[in-house]
K.L.:
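Before anything else, here's the structure in question.
The shown structure was predicted, so the numbers you read here are calculated from the model rather than taken from an experiment. Each ligand, and each atom within it, is numbered from 1 in the order the structure gives.
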Amino acid sequence: MRVFLILALLTVLCAAAVDMKKYKRALKNDSRLRKLYIEKFGAADLTSEKLTNFKEALQFVVNQNENPNIGWESDVNFFAPRSQEERNDILLKPDTSTGYDVSGLTFPLGSNAEDEVDWVSAGYISEVQDQTVDCRACWAFAALAALEGRYQILTNKSVEFSEQELIDCVYWVEDRAQDGCYGGHFADVFKFLAKFGHLASESSAPYSSSVGSCSYGAVENALTDAHLDGSKSYSLVSYDDQTLIDTLLDGPIATAVQTTQAFLFYSSGVLRDDTCTSLIPNHAVALVGYNANSFRVKNSWGTNWGDGGYMKVARGHHGCGMIFYGVIPNLVEGAPTTKDITKPPKCNDTWGASFCSNYLDYCQYYMAYCKKSCSEKLGIACE
Ligand SMILES: *[C@@H]1O[C@H](CO)[C@@H](O)[C@H](O)[C@H]1NC(C)=O
Ligand SMILES: *[C@@H]1O[C@H](CO)[C@@H](O)[C@H](O)[C@H]1NC(C)=O
Ligand SMILES: *[C@@H]1O[C@H](CO)[C@@H](O)[C@H](O)[C@H]1NC(C)=O
């Protein structure tokens, strides 16, 4: 029995451990490097540029894992063969109007009402999905991790909602220049749901990693037993540790993060990353639990990334922004009032057709308010 336990333990340890000897040998010998690359990613589209990127990533991973001051493990993953520019394909464009100066700030731990909470093992979190490098949809995945968990806590119904509907519709109705694969924000999801009250299930609108047309009128609504509070669809979570863990006790939180090399190549353990400094976010994730020293984080980069798709980040630390940008949906029991998801007409008379018809001679002043009537009168395209 004891032997078996020790064997089992060893297997677990070995499975988690990165083969450092092999990695270091590969760094010294190009034919071994090539072999290791092919072992990890196949030979199909191996180029010298990818091999160079891989080598740099491998060197980073070895340096990290040999640094005695680092308490987490790194490993090469799908980011490794990609150039920095290609790595950015999956990340949001940093919004430089945000950010925090955290120099000198400390994040004292709160006193836990419960020692730990894990919404994953409790069965409230759907499987980790892969947003893929073709679509910057992290915001939709982070929003739905928080929504699905809280929906089930409130209604006792486990529903996987559709990221695809959000990617197709949230920015389309607002007529923004961006689309859902360009990027977005999880708070916009909760505003959208409060307004239209419709969200398909994952199975009726599965993720396609590209933007499609927003036509969900005939798709069954999966948001049936609770709705978003119309007067306040979401709340910001204060960044002190006590509020965060108290909020996590009630359910998961969507949040944003500045990713660094250490984040991209994280594989296990508790990340405590001091290489992020401005905390200007370029990615969204969800906090789905905590224990005495860490938060558990759900990502959307597939189960081969990180620790089965998840990561742990240190408490008592800024978490590269995760501590600052938390948002929760305000769910209320009861069916939503649904409204057809339509875009307000771009070309209309915001001051009303009767006003505009009286002032058609003054279109130079009233064009902005009488777009439709004035465009017709002047015979120009209306937009
Ligand atoms: C590199 O590794 C290969 C085995 O993969 C070995 O045959 C070769 O001698 C090594 N080259 C050097 C310069 O060590
Ligand atoms: C919640 O749902 C589960 C499984 O669907 C069921 O076994 C359980 O009785 C439900 N609990 C309540 C309080 O309705
Ligand atoms: C006209 O368009 C504006 C801007 O798109 C919108 O806010 C407004 O609700 C529209 N008015 C009507 C009557 O549709």
K.L.:
Measuring from atom CD1 of Ile90 to atom SG of Cys138, what distance do you get when rounded to the nearest 0.5 angstrom?
P.N.:
8.5 Å

K.L.:
Taking atom 4 (C) of ligand 2 as the reference point, report whether a protein heavy atom occurs under 4.0 Å from it.
P.N.:
no

K.L.:
Can a protein heavy atom be found under 4.0 Å away from atom 11 (N) of ligand 2?
P.N.:
yes

K.L.:
Within the structure, does at least one protein heavy atom fall under 4.0 Å of atom 14 (O) of ligand 2?
P.N.:
yes

K.L.:
How far is atom 6 (C) of ligand 2 from its nearest protein heavy atom, and which residue and atom is that?
P.N.:
Asn156 ND2, 4.2 Å

K.L.:
Relative to the ring of Trp351, is the ring of Tyr369 parallel (under 30°), tilted (30 to 60°) or perpendicular (over 60°)?
P.N.:
parallel

K.L.:
With rounding to the nearest 0.5 angstrom, report the CG to CZ distance, Leu244 to Phe324.
P.N.:
10.0 Å

K.L.:
Measure SG to SG for Cys276 and Cys320 and state whether it is below 2.5 Å.
P.N.:
yes

K.L.:
Taking distance alone, with N or O pairs closer than 3.5 Å, would you say Lys35 contacts ligand 1?
P.N.:
no

K.L.:
Is it the case that the side chains of Asp134 and Ser209 hold a donor-acceptor pair, with the cut-off being a distance below 3.5 Å and no angle test?
P.N.:
no

K.L.:
Under a 4.0 angstrom heavy-atom cut-off, which atoms of ligand 1 come close to Ser31?
P.N.:
1 (C), 2 (O), 3 (C), 5 (O)

K.L.:
Is Cys370 disulfide-linked to Cys363, taking SG-SG under 2.5 Å as the test?
P.N.:
no

K.L.:
Can you tell me which residue and heavy atom of the protein come closest to atom 8 (C) of ligand 1, and the distance to 0.1 Å?
P.N.:
Asn29 ND2, 3.7 Å

K.L.:
Within a distance of under 4.0 Å, is there any protein heavy atom near atom 1 (C) of ligand 1?
P.N.:
yes

